[in-house]
Amino acid sequence: MPKALGPADFAGDAAEVAVTLIGATLLVDGVGGMIVETEAYDREDAASHSHSGPTPRNQAMFGPPGRAYVYRSYGIHWCLNFVCRASGHGAGVLIRAIEPLKGIAEMRDRRGLEDVKLLCAGPGRVGQALGIVHAMNGMRLDRQPFRVLAAEGPRDVVVGPRIGISKAAEVPWRFGLAGSKFLSRRFPSHSAIIRA
DNA sequence: AAAGCGATGTGCT
DNA sequence: GCACATCGCTTTA
């Protein structure tokens with residue numbers, strides 16, 4: 001049985017934690033699967049919500065690590081981040097894609113879609129499939145309804161530029177499980193691969 | 001295969 | 001106003 005991640009496991013830099021999370025398992029009320037794609041964001045990063053300091057929306061990013069930061073994207077989707085570093089730092093990891101493993105019937109129901117490859121292939125889709133709601137903002141990731149279980153064994157992790165941003169677009173802070181069929185998009189060919 | 005666009009909330013200039 | 005850490009549908013090539 002893999003180890004459940006707690007606050008201490010989120011104390012590292014956003015990029016470091018983002019790599020650690022590739023291959024980890026995320027369940028929300030028992031529904032979810034293996035995290036296959038993440039992006040890192042940090043205060044010193046023009047693309048981050050936390051870049052210009054605390055606001056009512058992003059305050060969870062400035063709170064303790066190991067908690068959820070949930071934000072509304074394009075007025076429609078709820079997207080889930082894991083807060084990292086330490087209180088006040090404004091760092092987090094966006095969960096961009098999951099390989100569905102548990103509660104697939106419920107995820108299909110919520111998404112109104114059969115194709116398992118598309119259930120959680122993108123941050124908005126993850127939010128819808130896992131039933132993420134704004135009330136989960138700031139909640140601990142080591143308590144109900146969340147469960148985060150550490151990845152087991154070494155993984156090959158693809159590294160590339162983040163998606164859908166204009167500022168700091170070259171920063172290579174998007175990470176994916178090499179060869180996964182559940183990514184939100186392919187990584188550019190020739191992307192670097194690291195062993196984690 | 002790619003590009004365009006509507007839906008629609010929230011934060012910033 | 002306008003941009004935005006998006007998605008799904010439609011149109012064009």
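Every chain is numbered from 1 and lettered A, B, ... according to where its sequence line falls, protein lines coming before strand lines. Note: hydrogens, waters and symmetry copies are ignored here, and every other heavy atom, side chains too, is used.
Closest to the side chain of S48(A), out of dA5(C), dG9(B), dG8(C), is dA5(C). The nucleotide whose nearest atom lies closest to any side-chain atom of I76(A) is, among dC4(C), dT8(B), dA5(C), dT8(B). Nearest to the side chain of S73(A), among dT6(C), dG9(B), dA5(C), sits dT6(C). Comparing dC7(C), dG9(B), dC4(C) against the side chain of Y74(A) picks out dC4(C) as the nearest.
Both tests do not hold together for R43(A) against F62(A): distance to the six-membered ring centre under 6.0 Å, angle to the ring axis within 45°.
With sequence neighbours excluded, no residue satisfies side chain to side chain contact (heavy atoms under 4.5 Å, CB included) with A11(A).
A side-chain contact (heavy atoms from CB on, under 4.5 Å) with E99(A) is found for exactly one of V36(A), T25(A), L119(A), namely V36(A).
The strand DNA chain C forms stems, runs of 3 or more Watson-Crick or G-U wobble pairs with distances below 3.5 Å, at B:1-7 with C:6-12, B:9-12 with C:1-4.
Between the NE2 atom of H134(A) and the P atom of dT10(B) there is a distance of 8 Å, given to the nearest Å. Between I95(A) atom CD1 and dT6(C) atom P the separation is 15 Å, expressed in whole Å. At whole-Å resolution of the value, CZ in R111(A) and C1' in dC9(C) are 14 Å apart. Per the geometry, NE2 belonging to H51(A) stands 15 Å off C1' belonging to dA3(C), to the nearest Å. Taking atom NE2 on H49(A) and atom C1' on dG9(B), their separation rounds to 12 Å, with Å as the unit. Computed from coordinates, the L80(A) CG to dT6(C) P distance equals 14 Å when rounded to whole Å. The separation between K117(A) atom NZ and dG8(C) atom P is 14 Å, rounded to whole Å.
Within 4.0 Å (heavy atoms only), R162(A) reaches no atom of the nucleic acid at all. As judged by a 4.0 angstrom heavy-atom cut-off over every strand, G75(A) is placed among the base-contacting residues. Residue N81(A) is classed as a base contact, given a heavy-atom separation below 4.0 Å to a base.
Taking 4.5 Å as the limit, some side-chain heavy atom of Y69(A) sits within range of a side-chain heavy atom of N58(A). For the pair C120(A) and R125(A), the minimum side-chain heavy-atom distance is 4.5 Å or more. You'll find the side chain of R162(A) stays beyond 4.5 Å of the side chain of L94(A), heavy atoms only. Side-chain contact between F82(A) and L21(A): present, with at least one pair of heavy atoms (C-beta onward) separated by less than 4.5 Å. Residues D156(A) and R195(A) have side chains in contact (heavy-atom distance under 4.5 Å, counting atoms from C-beta outward). Side-chain atoms of R185(A) and R174(A), non-hydrogen and from C-beta on, do get closer than 4.5 Å to each other.
With both ends at atom P, the span from dA5(C) to dA2(B) equals 24 Å, rounded to whole Å.
Looking only at atom types and distance, the side chain of Q128(A) has a donor-acceptor partner in the side chain of R111(A) under 3.5 Å away.
For dA5(C), neither phosphate oxygen OP1 nor OP2 lies less than 4.0 angstrom from any side-chain nitrogen or oxygen of R72(A). Remark: H77(A) is not in phosphate contact with dC7(C), judged by side-chain N or O atoms under 4.0 Å from OP1 or OP2. Residue R125(A) places at least one side-chain N or O under 4.0 Å from the OP1 or OP2 atom of dG8(C).
If you check distances only, the side chain of Y71(A) does reach the base of dA5(C) with a donor-acceptor pair under 3.5 Å.
Contacts of residues 165-190 of chain A with DNA chain C (heavy atom under 4.0 Å): I165(A), S166(A).
Residues L113(A) and I163(A) both approach DNA chain C. Their nearest nucleotides, taken by heavy-atom distance, put I163(A) toward the 5′ side.
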